[in-house]
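Worksheet for the structure shown next.
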Amino acid sequence: MIMFGLIDCNNFYASCERVFNPALKKLPVVVLSNNDGCVIARSNEAKQLGIPMGAPAFKFRHIFEQNNIQVFSSNYALYGDMSNRVMTILATFTPEIEIYSIDEAFLKFKGFENNFNLTEYGNLIRYTVTRNTGIPISVGIAPTKALAKVANKVAKKFPDRTRHVYIIDTDDKRIKALKWLKIEDVWGIGYRYAKRLMAMNINNAYQFSKLSQEWVKKHMSVVGLRLHKELNGESCLDLEDIAPKKNIATTRSFDVDYIDYEKIKERVITFAVTCAEKLRKQKSCCNRILIFIHTNGFRENEPQYSKNIVLQLPYATNSGIELAKFAVIGLEKIFIKGFRYKKAGVLVMDFTPESSLQVNLFENTNPRHKPLMDAVDKINRQLGVKKLKLASQDQGRTWKMRQEKLSPRYTTNINEIITINCDYVFSLQTEQRRPNTSEPF
DNA sequence: TCTGGGGTCCTAGGACCC
DNA sequence: TCTGGGGTCCTAGGACCC
């Protein structure tokens, strides 16, 4: 039988911070979003202290201090590099792998059943990744992707019994796991569906799996139906190829409110230029661009304004100069003076491959932009930072992202590489194990 | 004072075409 | 006075993921 594995890095961003700073090992750690806005990753210790996902940092500041919680700004240079290392190792365990997110991958085990004990294999995967990267992972293995997700939850929740590796390979184990899994924790059941299902007294994954296919199809579309079948052991979801993106977005909240049109214009131009870079990276051109701006929705007493506009471009392009021009045209149409703007963004959509650009007799992208953009990319790549900008972009970088607690880019910048203090002794990172009284596994 | 930033897919309904 | 049937494309909105 074909089996799927789901490998998930435990508390990934928090674990990355610990790898190069072992002093953090037993301490609660949280990582904040861009602008140091809210909590997006927590170590187990921080979870136990009751720090919820998405907690606004400013509201929890005193709790951080009281409990000696170690707080970090997002360090995507570090997390991206650590992710690559983990994925590279995982790819040595099977020819078929799908990188599902920065900290998760599905592995497909086809033809393994006669040659491998998959539980032992899972243990080997976990051991190897942790030894070679310092990142602890959990491994779930099952006959479908959705069940592999379930198995992974079990592995993560019951480390004492599972040693972070769990396999669902019998119907008994499947049913037991589904009965244990709360409906809101099922992959594909979000907040809204969970609420509706609980109103019908469907409280766990097993009860959901017993609903009729007709009901599920009618109320949750074919997506819900696929999930339903997968939980019942029928594999509907195969590994997916890394497809080129269909949309690319660059959006940011500002550190303070912006009132001035010129300032917002500069940000929007920069977002458009960044989108153009991302487009060139995947060798696409876009045919439409969306620009949005909005005020701070959390300030309920202040006047609110939120607007977006989609422009159909006269020709497909991935030139930063062109996209910046169109972005400004869009912004002019939606900007209203007098509001306090908190966020803006640029989305590019409707892609054409760079290689198959249609020749438009009258209107087309300036042919000189292509070599120009290539040169810009090359220089920026070589210098490692954005040295080349449009004149309309902020030269002095007067704007800034709040990043007060940024750790070094240990693995991607030679100037920030770790220096070893002999007082530290590196050892394999193991998660704190705690007794659990109510565990069924 | 301070509340992230990306993505995907599906469906319904309207415009428009023959 | 009668007023089809089928198709495509587009958009908005709703759901979800990490």
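In the text below, chain A, chain B and the rest are named by the order of the sequence lines, each starting its count at 1.
Aromatic ring centroids of A/Phe335 and A/Tyr341 lie under 6.0 Å apart.
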| Tell me, what's DNA chain C's dot-bracket, Watson-Crick or G-U with both distances under 3.5 Å, | for other-strand, [ ] crossing? | ....||||||||||||||

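The heavy-atom pair separating A/Asp238 from A/Lys145 by the smallest distance is O-NZ, 2.9 Å. Here the closest heavy-atom approach between residue A/Gly134 and residue A/Pro136 is recorded as O-CD, 3.5 Å. Contact record, A/Leu124 with A/Thr128: O-OG1, 2.6 Å, taken as the closest heavy-atom pair.
Side-chain atoms of A/Asn318 and A/Glu354 form a donor-acceptor pair, as typed in the model, at a separation below 3.5 Å.
Counting any heavy atom pair closer than 4.0 Å across all strands shown, A/Asp103 reaches sugar-phosphate atoms only and no base atom. Residue-level contact check: A/Ile189 touches the backbone only, with heavy atoms under 4.0 Å from sugar-phosphate atoms and none from bases. Contacts of A/Lys149 with the nucleic acid, taken as non-hydrogen atoms under 4.0 Å apart, involve only primed sugar atoms and P, OP1 or OP2. Nucleic acid contact for A/Val31: none, since no nucleic acid atom lies under 4.0 Å from a heavy atom of the residue.
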| request: Determine, for nucleotides 6-11 of chain B in 5'-to-3' order, which nucleotides have protein heavy atoms under 4.0 Å from the base (write B), from only the sugar-phosphate (write S), or from neither (write -). | output: SSSSSS

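Comparing C/dA15, B/dG4, B/dT3 against the side chain of A/Tyr193 picks out C/dA15 as the nearest. Of the candidate nucleotides B/dG4, B/dT3, B/dG5, B/dG5 has the atom nearest to the side chain of A/Lys343. The side chain of A/Trp187 has C/dC18 as its nearest neighbour among B/dG4, B/dT3, C/dC18.
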| query | Please walk me through it: do A/Asn44 and A/Asn11 pass side-chain hydrogen bond (donor to acceptor under 3.5 Å, both in side chains)? | reply | CA-CA 8 Å; A/Asn44 285 348; A/Asn11 317 322; 3.1 Å; yes

| Derivation of the side-chain hydrogen bond (donor to acceptor under 3.5 Å, both in side chains) call for A/Ser138 and A/Asn152 | CA-CA 6 Å; A/Ser138 297; A/Asn152 184 282; 5.1 Å; no

| task | Decide side-chain hydrogen bond (donor to acceptor under 3.5 Å, both in side chains) for A/Asn68 and A/Gln70; before the verdict, give the C-alpha distance in whole Å, the side-chain angles of both, and the deciding distance to 0.1 Å. | result | CA-CA 6 Å; A/Asn68 193 26; A/Gln70 307 297 302; 3.1 Å; yes

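To the nearest whole angstrom, the two C1' atoms, one in C/dG4 and one in B/dC16, are 16 Å apart.
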